[in-house]
Amino acid sequence: MRRLLTAAFVATLLALAACSSPDRTPTVPRPPTTSAAPAAAAPAPCTSPATATYRPIALPAPGKMPAGSLEAAIFQRKHLVVGVSADTRLLGARNLATNQFEGFDVAVARRVAQAIFGDPTKVQFRAISAAQRIPFLQQGADKGGVDLVARAMTMTCDRWTQVGFAGPYFESSLRLLVTTGSKAGSLADLAKAKARVCATNGSTTLAKVTGAKDAGVVPVGVPLTTDCMVLWQQGQVDAIAADDAILAGLKAQDPSAKIVGDSKLEREPYGLAVSKDHPEFVQFVNAVLDDMRGGDWQRDYSASGLEAALGTRAQPAADYSRPVPAP
Amino acid sequence: VSQTVVRPGGGAPAGAAPVTARGAAPPPPPPVARLRGRLRGAFDGTPGRLRAAVIVGVLACLVFAALGGNAFRARGDALDQANKSATQLVRVQQVAIDVARADALVTNAFLQGAGEPAGVVSEYQKAIGAASEGLAQAAQAEPGDATALGAANSALTRYTAAVASARANNRQGFQVGSGYLRQASNLLRTPTSGQPAVLPTLDAVATADAARVGDAFDDARNATFQLFAAGLVVLAGLLAVQVWLARRTRRILNVPLTWGSAAVLVCLIVGVVVLVTGQSAANRVRDTHYAATRALSQARIAAFDARANEGLTLVYQGSGAEYEKKYQDRLATARAQVDGAKAAGVADPGRAELDAWDTVHQQVRKLDDGGDWPGAVKLATDPSQPSQKAFVAFDAKSGSALGTEAKALSAGLQDRHWLLVLLGWITLIAGLVAAAAAGIGIAQRLGEYR
């Protein structure tokens with residue numbers, strides 16, 4: 001047994017040596033941090049565009065779900081479990097007066113329930129953090145997780161290796177929230193003024209803000225966007241950098257805020273995430289989203305309050321070029 | 001009267017000495033040598049030694065008067081200091097309890113949104129008011145704590161401002177309210193660079209006060225040794241003089257000296273008995289009422305903190321895991337301190353209530369984790385539900401136990417203080433009387449040489 005372990009260890013060492021770049025001498029072992037970091041940072045190989053998804057099925061009538069599919073299992077369970085944000089106004093937030101979730105993410109999730117059950121209320125919403133999105137999907141609703149995540153989740157190549165995406169159902173863009181009196185219109189303007197710019201920890205947004213550090217921006221990282229809003233209202237930061245759909249929710253809580261920056265730059269396509277093991281459910285949700293082109297999308301966009309904050313938008317075009325994996 | 005034998009090198013009796021000296025040395029000696037010669041002459045022979053005995057006996061008694069009297073004063077002062085520091089400790093911990101209690105109340109009310117119960121909000125305001133007053137009183141009572149308490153007060157001011165914003169936004173249904181609540185929570189619990197937090201600052205002050213109490217107890221114990229050592233030294237000195245006198249004068253007892261020694265001995269015995277029993281009484285106070293006061297205070301701070309963290313797990317829903325960890329941590333502290341209070345003699349500090357609350361907490365977590373957030377909130381905050389009932393019962397029980405113990409602590413440290421003052425004076429007087437007796441007794445013998 002010990003000999004076997006030793007052999008396996010030697011084989012691993014050899015494999016590691018083979019992986020290391022040729023300019024390093026094999027006698028000097030590379031520190032684990034330097035060897036792990038490039039692997040983690042490297043983007044997943046993008047065989048299809050990040051927004052490319054599986055082609056939709058023909059939308060079945062409510063209650064007539066294809067046999068053996070996840071949507072059929074959800075119908076059997078009598079409710080859909082959806083992970084949403086609890087504090088992102090206009091996208092996903094709990095209304096403490098009614099105890100109901102509200103927002104555009106929530107409305108789209110209800111459309112999925114409508115398609116499965118013929119009843120948009122057969123949804124159990126779970127408030128989850130950004131970090132819980134992928135683990136909860138992998139767990140599945142029957143083991144304490146969720147069937148679907150509708151939580152301002154950007155479709156990326158990296159995430160496609162862990163989950164499946166239907167969509168995009170909304171196209172957000174990285175923009176800035178400043179006071180109505182501010183003359184700044186971009187991150188470059190803020191850099192000139194040596195402004196303090198807030199973003200959430202661990203986000204790509206904070207990385208971008210930190211990237212502008214040399215230009216003069218003072219980045220400030222906090223756990224949640226509501227924390228940014230607190231600092232901004234207290235004058236401890238000059239601007240908040242985030243997706244405009246999220247900024248719209250902040251603006252709705254303070255009349256002295258305005259959103260600036262080009263909405264055509266730094267696009268963030270939001271997708272509805274599903275377990276990687278259920279491409280058939282991605283196809284089903286894509287059918288639901290496709291069905292919303294008849295006017296439901298515009299109705300939900302308007303009713304959520306996003307239209308008032310961000311102006312007229314259209315449902316993003318779909319790209320069904322991603323090959324459906326064989327079952 | 002016995003005639004002493006003049007020793008060869010000893011010189012003549014005092015009266016003859018100057019003559020001998022003058023005859024022996026024709027050139028006049030320098031003034032210092034002359035003084036030294038005269039001093040040596042004063043202690044030559046039996047009368048000279050008697051003079052030395054007078055000085056030894058009287059000095060020994062005076063030392064006893066000073067050190068012995070001081071021992072009682074030191075004990076009294078040390079216990080006063082212990083009482084003063086313990087009172088300050090109780091005061092500072094009460095501020096921490098009020099603040100933690102206010103935070104637990106307002107966090108749970110936050111979960112009701114615009115429907116926050118008015119009674120709870122007014123209780124929050126009352127607790128904050130009590131904390132502010134307590135901070136002002138504590139800073140005045142112990143100037144050494146004033147700087148740290150000032151920092152705590154400034155953080156508390158920012159905390160109340162953040163809570164006000166949290167409530168105002170939350171009542172309008174604005175999610176930024178939860179951001180302000182998190183800021184408030186951090187101002188209370190998590191110090192940042194250049195910004196001290198309320199509870200850790202108060203804890204540091206309480207720790208310093210507790211160290212002062214410990215030092216004062218140590219000082220109080222030293223008083224016993226001081227008296228004992230002073231007594232032994234003086235008795236040994238008096239005994240030595242007595243024995244020497246008996247040998248030289250063929251009288252077994254010198255009566256005034258004996259009375260003086262007896263007075264010192266009685267003072268010493270009574271004093272040591274009083275100080276030793278007093279010390280064990282003080283130790284008992286330290287191990288019971290003082291330990292219980294400290295444990296109950298810490299249990300209450302930790303329990304209110306855990307209660308607030310329970311609320312925060314529900315406020316932050318998906319991101320609540322870190323608060324659940326803090327809840328577990330603070331509850332463990334509360335349990336350990338409640339057990340400590342019981343070990344220190346508190347009959348029922350509320351362990352059963354604490355456990356009952358934790359049992360409901362686990363149901364709350366189960367409901368929330370299972371997706372029933374409204375059910376979890378109701379179970380955790382509704383006054384008719386077992387969670388609130390159990391916690392209120394713990395609050396009442398531990399609070400009244402703390403009040404009783406704090407009173408007993410103060411009374412215990414002030415107990416028989418008058419006796420120490422009285423004995424201090426008696427020892428001083430007895431020492432002076434003994435000094436006089438020693439002087440008179442030896443002077444009688446010395447008179448026989450004139």
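Just so we're on the same page: letters track the sequence lines, and every chain starts at 1. Scope of the values below: all heavy atoms of this structure, side chains included, with no hydrogens, waters or symmetry mates.
One finds the CG atom of A:L250 at 9.5 Å from the CD atom of B:Q175 (value rounded to the nearest 0.5 Å). Taking CG of A:D254 as the reference point, atom CZ of B:F174 lies at 8.0 Å (rounded to 0.5 Å). A:L96 contributes atom CG, which lies 9.0 Å from atom CD of B:Q112 (distance to the nearest 0.5 angstrom). In this structure, CG on A:L231 lies 6.5 Å from CD on B:Q183, to the nearest 0.5 angstrom. Atom NZ of B:K378 is separated from atom CG of A:N99 by 11.5 Å, given to the nearest 0.5 angstrom.
The local environment of CD in A:Q234 is crowded, with over 12 non-hydrogen atoms from other residues, nucleotides or ligands closer than 6.0 Å.
There is no contact between A:N95 and chain B, counting heavy-atom distances below 4.5 Å. When heavy atoms are compared at a cutoff of 4.5 Å, A:A131 does not approach chain B at all. For a residue to count as touching a neighbouring chain, one of its non-hydrogen atoms must lie under 4.5 Å from one of that chain's; by this rule B:D372 does not touch chain A. Only the side chain of A:R126 has a heavy atom closer than 4.5 Å to any heavy atom of chain B.
Proximity of A:Q233 to B:S165: side-chain heavy atoms (C-beta onward) are nowhere separated by under 4.5 Å. With a 4.5 Å cut-off on side-chain heavy atoms, B:E322 and A:P223 do not count as touching.
By number of non-hydrogen pairs under 4.5 angstrom with chain A, the leading residue of B:V176, B:D369, B:L111 is B:V176.
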**Asked** Does the side chain to side chain contact (heavy atoms under 4.5 Å, CB included) test come out yes or no for B:R182 and A:L224, once each step is laid out?
**Response** CA-CA 10 Å; B:R182 182 200 292 271; A:L224 300 174; 2.8 Å; yes
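For the residue pair A:V230 and B:Y180, the shortest heavy atom distance occurs at CG2-N, 3.3 Å. Contact record, B:G371 with A:Q124: CA-OE1, 4.1 Å, taken as the closest heavy-atom pair. Closest approach of B:G173 to A:R89, counting heavy atoms only: O-NH1, 2.8 Å.
Of the N and O atoms on the side chains of A:Q253 and B:Q172, not one donor lies less than 3.5 Å from an acceptor on the other residue.
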